[in-house]
Chemist: 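Questions regarding the structure given below will be posed in turn.
The structure displayed is predicted, hence computed values, not measured ones.
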Amino acid sequence: MSAIRSQSPRSPDDPALELRALHAPFGKRSGLTDISLRVDHGERMAIVGPSGVGKSTLLRAIAGLAAVDDGCVLVEGVDVTERPPEGRGVVYLHQMPVLFPHLSVGENVAFPLRVRGQRGDAVRQRVREALSAVRLDAFESRPAHTLSGGQRHRAALARAIAARPAVLLLDEPLSALDPALRSDVGAAIVAAQAEYRPAMLLVSHDLDDVAALADRVAILLDGAIAQCTEPEVLFSRPATLAVARFLGIYQELAGHVRADGAISCALGVIDIPRERRVALPAGSLVTLCFRAESVRLRPADREGRNVFATVVGMRHRPRGSTLVLQVGEGAAASLIEAAVAARDVARDVGDEVCVMLDLCGVMVYPS
């Protein structure tokens, strides 16, 4: 390892977890590169990214279960990069947690404490506190093999927090659960962390889970962190076109920059506010990104400043319906979607509608 190791004693200002220029390989291949981040006590950070980008590898590297080529892992200001997993103050909870079926729920939760030589009333008290945090108070004596899927996840979480690690790593904690159980286990995660405020780093592929659980979100793309920010910032202002495309919540239209700084596209001339214009020369190709809520249907303008679209279909999703519209003609034609209220859905395929963009929700990126 070429990184300089920090061995200074813990300071009150030290984050619970800090990664400094961490490099973690994928087997013999180059993997994660130059990963740097800080997670404070009591903070929940989500790691998201496409399949195979290295999300689980990152958690395993922090836990000491995967190789690190360079950089370092600090827990509460102490470099633990070369320590074994059990000496790091980190607990890694796999997405399919396993309980000891021959033990009771309480005995499962007590297991990491007994392994560390703890006995007596202190263990019993810690077990009760952990089970209470995940709302399994009444299950302490229940055989572990009788638990439902959601209860098993909560019991495993209780076992993890009973050990009181400085850092808790959760790998896809909700992915194997149905919608009702996801809500229960998600609430248990928040309650469990409030018990003693460890730093929590969780991997997820579900943006709804991320929005509900995370204080900050780190996007992993091409083996590096592409953006790290609060969920409300991420979902309203992705840093790059690649991040916007990964989120999968934006539509795109191609355009080009005009001499006056406005953008010409299939929806006409878009006069982006000056403070949000891209600093590109006239003629540069750009991509406009916007959500269905930013596409507005409106009455035709009597002065003729209209952009018309043709209804080609409708899509119904859990969160609402959208009209699928074709804008432009020939090779320049594009499909976009407009969010519609129930009273507005009586549109037939082939109908012509007048559309406009709400510029507050439009982002422009170099193509």
Side-chain angles (χ1 to χ4, degrees), residues 46 48-51 149-150 172-187 203-214 217 219 231-238 241-255 265-268 270 287-301 306-365:
V48 298
S51 297
E172 298 278 10
L174 308 180
S175 64
L177 305 176
D178 63 40
L181 290 179
R182 292 170 83 95
S183 177
D184 285 348
V185 176
V203 160
S204 179
H205 67 274
D206 189 296
L207 295 181
D208 285 335
D209 293 342
V210 167
L213 294 176
V217 185
I219 304 287
E232 58 269 28
V233 175
L234 174 66
F235 297 136
S236 64
R237 192 66 56 189
L241 180 57
V243 172
R245 285 174 171 167
F246 164 74
L247 293 176
I249 57 178
Y250 291 96
Q251 308 181 71
E252 297 181 20
L253 275 181
C265 67
L267 286 176
I270 308 298
T287 299
L288 286 75
C289 289
F290 49 90
R291 301 176 76 162
E293 293 81 4
S294 294
V295 181
R296 304 291 176 81
L297 308 185
R298 66 179 181 85
D301 186 338
N306 300 311
V307 175
F308 289 99
T310 303
V311 177
V312 296
M314 179 169 286
R315 290 178 179 164
H316 301 283
R317 297 183 174 89
R319 296 189 177 184
S321 300
T322 59
L323 283 178
V324 183
L325 308 171
Q326 178 178 304
V327 293
E329 297 179 353
S334 299
L335 295 180
I336 62 173
E337 295 183 40
V340 291
R343 65 179 182 274
D344 296 327
V345 299
R347 307 274 181 176
D348 295 325
V349 171
D351 284 355
E352 194 173 57
V353 294
C354 191
V355 296
M356 65 173 291
L357 274 181
D358 177 359
L359 299 184
C360 293
V362 179
M363 290 154 293
V364 183
Y365 302 100

Chemist: Under 4.5 Å between any side-chain heavy atoms of Met363 and Pro238, yes or no?
Modeler: yes

Chemist: Which heavy atom in Arg298 sits nearest to a heavy atom in Val355, and how many Å separate them?
Modeler: NE-O, 4.3 Å

Chemist: Taking atom CD1 of Ile336 and atom SG of Cys265, what is their separation to the nearest 0.5 Å?
Modeler: 9.0 Å

Chemist: Rounded to the nearest 0.5 Å, what separates atom CG in Leu267 from atom CG in Leu288?
Modeler: 8.5 Å

Chemist: Quick one: closest heavy-atom pair of Leu213 and Gly186, and the distance?
Modeler: CD2-O, 3.5 Å

Chemist: For a quick test of reading the model, state the closest non-hydrogen atom pair linking Pro231 to Ala214 and the distance between them.
Modeler: CG-O, 3.4 Å

Chemist: Any idea which heavy atoms bring Val307 and Ala266 closest together, and the distance?
Modeler: CG1-O, 4.0 Å

Chemist: Side chains of residues 242-251: which donor-acceptor pairs under 3.5 Å do they make with residues two or more places apart or in other chains?
Modeler:
{"unit_1": "Arg245", "atom_1": "NE", "unit_2": "Glu252", "atom_2": "OE1", "d": "3.4"}
{"unit_1": "Arg245", "atom_1": "NE", "unit_2": "Glu252", "atom_2": "OE2", "d": "2.7"}
{"unit_1": "Arg245", "atom_1": "NH2", "unit_2": "Glu252", "atom_2": "OE1", "d": "3.0"}
{"unit_1": "Tyr250", "atom_1": "OH", "unit_2": "Phe235", "atom_2": "O", "d": "2.2"}
{"unit_1": "Gln251", "atom_1": "OE1", "unit_2": "Glu337", "atom_2": "N", "d": "2.4"}
{"unit_1": "Gln251", "atom_1": "NE2", "unit_2": "Glu337", "atom_2": "O", "d": "2.8"}

Chemist: Below 4.5 Å, heavy atoms only, C-beta onward: do Ile270 and Leu253 meet side chain to side chain?
Modeler: no

Chemist: For residues Pro173 and Val185, report the shortest heavy-atom separation together with the two atoms involved.
Modeler: O-CG1, 4.4 Å

Chemist: Scan Val203, Val217, Asp206 and name whichever one has a side-chain contact (heavy atoms from CB on, under 4.5 Å) with Val48.
Modeler: Val217

Chemist: Would you indicate whether Glu232, at its atom CD, is surrounded by more than 12 heavy atoms from other residues, nucleotides or ligands within a distance under 6.0 Å?
Modeler: yes

Chemist: Is Leu325 close to Leu335 at the side-chain level, that is, under 4.5 Å between some pair of heavy atoms?
Modeler: no

Chemist: What's the spacing between Asp184 CG and Leu174 CG if we round to 0.5 Å?
Modeler: 10.5 Å

Chemist: What's the separation between atom OG in Ser321 and atom CZ in Arg315, rounded to the nearest 0.5 Å?
Modeler: 12.0 Å

Chemist: Using the side chain to side chain donor-acceptor pair (under 3.5 Å) criterion, which residues pair with Asp209? Sequence neighbours excluded.
Modeler: Arg182

Chemist: Identify the heavy atoms of Arg237 and Cys360 that sit nearest to each other, and give their distance.
Modeler: NH2-O, 4.1 Å

